[in-house]
Structure formats: structure tokens, C-alpha cells
Amino acid sequence: MMIPTPSRFHFWRTVYSHGWCALEPFRVNRDARTLERVCTLSDGSNTLVTIRASRNDSGIDVASLTRLSRRQAKEIETQMRAMLRLDEDLAPFYRHVSRYARYRWIPRLGVGRLLRAPTVFEDVVKMLCTTNCSWDLTTSMVTNLTNMLGEPLDGRRAFPTPEAIAGVSESFLRKHIRAGYRSPYLLEFARRVASGSLTVEAWRTADLPTDELYAQVRSVKGAGEYAAGNILRLLGRYDYLALDSWVRGKYSELYHGGRRVSDTTIARRYREHGRWQGLILWLEMTRDWFSEKFPF
DNA sequence: GCGTCCAGGTCTACC
DNA sequence: GGTAGACCTGGACGC
């Protein structure tokens with residue numbers, strides 16, 4: 001199927017907007033120039049989906065390994081739109097940054113859409129796996145979760161459901177997933193979602209002030225300022241800076257010759273951008289990812 | 001080989 | 001409200 005994309009949408013800059021495309025079940029096939037993943041449908045079935053930019057760049061081409069009913073195809077389209085943020089209106093953001101000469105590269109490159117998982121559940125689990133550890137350990141934990149608890153499909157795996165994670169013990173998460181002290185947090189989160197007491201999927205469409213949504217995200221044990229701020233970015237709310245050691249290091253390298261600066265100093269630079277500050281900060285920190293070395 | 005530090009932090013107890 | 005200390009893991013580094 002071909003799904004039309006908004007003007008100034010750039011498929012590969014969206015795929016590489018942050019680290020998610022390197023975490024299972026996402027896989028980038030650089031030779032075929034595709035993004036792949038196993039997607040889970042509401043009827044419990046799984047299918048391997050391959051996504052590529054269409055020839056004339058006016059959309060994305062989505063292929064499924066298995067034959068889909070009309071209803072299933074519609075559901076895959078909905079997932080693709082959510083993952084690639086196709087329904088997010090960035091026009092107000094582009095209008096805002098266009099007022100600043102130093103940010104006019106943002107609309108020119110068509111950046112600002114941050115890749116996310118089909119579900120909020122997957123995004124939150126992965127975010128908890130990024131806290132207080134190296135990126136290598138994050139990929140290891142997510143790979144272990146997917147390989148050990150995800151439904152198999154032709155040598156690949158889906159991301160585990162809330163029920164699958166909720167059904168294992170804390171010691172399993174420590175011993176086999178290597179999640180360490182994050183294990184009770186992952187377990188509690190999965191159990192709250194599986195039981196229906198926490199309806200995280202509603203967060204993407206919640207008509208709530210950002211502060212209230214932030215408070216709900218912070219109710220997840222293990223989601224502190226950094227994790228909650230980043231989860232909000234994936235919900236389309238950019239009021240928080242979500243500072244972590246990587247961003248702090250990158251910021252000092254870019255603006256202070258590598259000298260460490262306080263969080264207050266960083267916040268001062270972005271506060272005039274109000275609801276867009278978290279997105280502008282992230283795009284500035286990752287601008288060099290899209291230099292001439294960018295392979296796509 | 002061993003000890004220490006730290007990486008895309010967070011929670012709790014205590015003041 | 002602010003802060004010290006504890007917490008898993010695994011790679012890098014110094015000795």
C-alpha cells in the first residue's frame with residue numbers, strides 16, 4: 001500500500017531522528033533502503049512490515065509479508081501513521097522556527113518528526129531501558145525482551161505484549177533480560193497496563209495540559225525527569241528538555257568548548273521557545289547526524 | 001587480573 | 001525542596 005506523506009516529510013530523517021530504529025523489533029536494511037519490523041494487530045496476529053520511501057517522495061510504500069484483510073491493512077496504515085508521525089501538524093512549529101535565522105535549516109531539512117513505536121507501551125518500556133546505562137546495554141535489554149518474550153514470526157519477533165512481560169517474574173527480568181534494578185519498574189508498569197489500571201495508549205490523544213500528562217507519566221516508577229520528558233516528546237509534547245548525560249555533553253561541546261554547564265544555563269537558552277523548546281533542543285543536538293555523511 | 005568509573009537516572013530516607 | 005546514598009550492568013581505563 002502507498003500512504004501519502006505531508007509536505008516536507010523526510011522518511012530517512014524521521015527514521016534516524018533518534019535511537020529507536022536501532023532497537024528491536026525495528027531493523028534498518030541499508031542495502032534495501034527499508035525500515036522493517038514485526039507489527040502486532042488487535043486480533044493478536046503478527047506480520048512483518050517493510051517500509052520504504054516511494055519513488056517520487058510523495059509517500060511511503062508499505063509491504064506486508066502476509067496477506068492482510070482490508071481491516072488489517074487499515075490497522076497497519078494507522079500504525080504507520082502513528083510511528084512516522086504523519087498526522088502531526090508541524091506547520092506551527094516550522095512557522096515558529098522560521099522566525100530565527102539560526103533555525104531555518106529545520107524546515108528546510110524537514111526534520112522534527114521523531115520515530116516512535118506503534119504503541120505507547122513499547123515506547124515507555126524502551127525508555128525505561130535507556131536510563132542510567134550505556135546505549136549498548138539498552139540495545140541488549142530490548143533485544144533480550146523481544147527475543148525471549150515476543151511472539152515469533154519467520155525468524156523474527158514482535159515486541160512483547162504487556163501481558164507477556166507481566167507474566168514473568170522479577171528474577172527472570174534480572175537474570176535473563178539483564179535489566180538489573182529496572183526489573184521491578186518494568187514489571188510493575190507491564191502489570192498496570194495489562195490489568196487496565198493504566199491506559200497509556202490514550203496518552204497520544206489525551207486532551208490534557210502537558211503538566212498533567214507529565215504527572216501521569218511520572219507515576220510510572222522508573223520514569224524520572226529525563227524519561228518522562230522524552231516520553232512526552234514521543235507524545236507530541238515538547239515543553240520539557242529531558243536532559244541526560246548525552247545531551248549535556250553535546251550541548252557543552254557545541255556551545256561551551258566542552259566545558260560543563262549547569263542545567264539552568266541550558267534551560268535559559270531554550271525557554272523563549274515555550275512549547276517547542278524540547279524539540280528545538282533535540283534537533284540542535286542531532287543536527288550533525290544529517291550532514292553530508294548521512295547515508296540517505 | 002583487579003578496582004574504579006561512568007553511561008541517554010531514579011528512588012527513598014532524611015534534613 | 002534539597003541532597004546523599006543505593007542501585008544493575010558492562011565496557012573502558014589505569015595500574
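Each chain gets a letter, A, B and so on, in the order its sequence line appears, and its residues count up from 1.
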Mate of B:dG8 across any strand shown (Watson-Crick or G-U wobble, both atom pairs under 3.5 Å) is none

In the structure shown, which nucleotide is the Watson-Crick or G-U wobble counterpart of C:dC8, with both distances under 3.5 Å? none

If you pin A:Val247 and A:Tyr185 to their nearest nucleotides in DNA chain B, which one's is more 5'? A:Val247

Starting at atom [atom1] of [X], determine the distance to atom [atom2] of [N], rounded to an integer number of angstrom.
X	N	atom1	atom2	value
A:Arg218	B:dG9	CZ	C1'	10 Å
A:Leu234	B:dG8	CG	C1'	13 Å
A:Leu128	B:dC11	CG	C1'	13 Å
A:Glu170	C:dC7	CD	P	14 Å
A:Trp246	B:dC6	CH2	C1'	17 Å
A:Asp244	B:dG9	CG	C1'	9 Å
A:Leu186	B:dG9	CG	P	16 Å
A:Tyr181	C:dG10	OH	P	14 Å

Ion pair A:Asp288/A:Lys250, N-O distance below 4.0 Å: yes

Test: A:Arg204 and A:Glu201 ion pair at under 4.0 Å: no

Check whether any side-chain nitrogen or oxygen of [X] sits under 4.0 Å from OP1 or OP2 of [N], and answer yes or no.
X	N	result
A:Arg248	B:dG9	no
A:Lys221	B:dT12	yes
A:Arg182	B:dT10	no

Nearest-Å distance once atom [atom1] is located in both [N] and [M]:
N	M	atom1	result
B:dC5	C:dC8	C1'	15 Å
B:dG8	C:dC13	P	14 Å
B:dT4	C:dA6	P	14 Å
C:dG5	B:dC6	P	16 Å

Positions of residues 131-147 of chain A (non-hydrogen atom under 4.0 Å from DNA chain C), listed by number: A:Asn132, A:Leu137

Strictly distance-based, threshold 3.5 Å: is any side-chain N or O of A:Arg192 a donor or acceptor partner for the main-chain N or O of A:Ser197? no

Verify the distance criterion only: is there a donor paired with an acceptor across the side chains of [X] and [Y] at less than 3.5 Å?
X	Y	value
A:Asp239	A:Trp276	no
A:Asp43	A:Gln72	yes
A:Thr130	A:Thr138	no

Is any N or O donor-acceptor pair between the side chain of A:Tyr226 and the base of B:dG8 shorter than 3.5 Å? yes

Would you verify whether the NZ or CZ of A:Arg233 falls within 45 degrees of the ring axis of A:Tyr238 while also being under 6.0 Å from that six-membered ring's centre? no

Under the 6.0 Å and 45° cation-pi test, does A:Arg269 pair with A:Tyr255? yes

So what does A:Ala223 hit on the nucleic acid, given a heavy-atom distance under 4.0 Å: a base, only sugar-phosphate, or nothing? sugar-phosphate

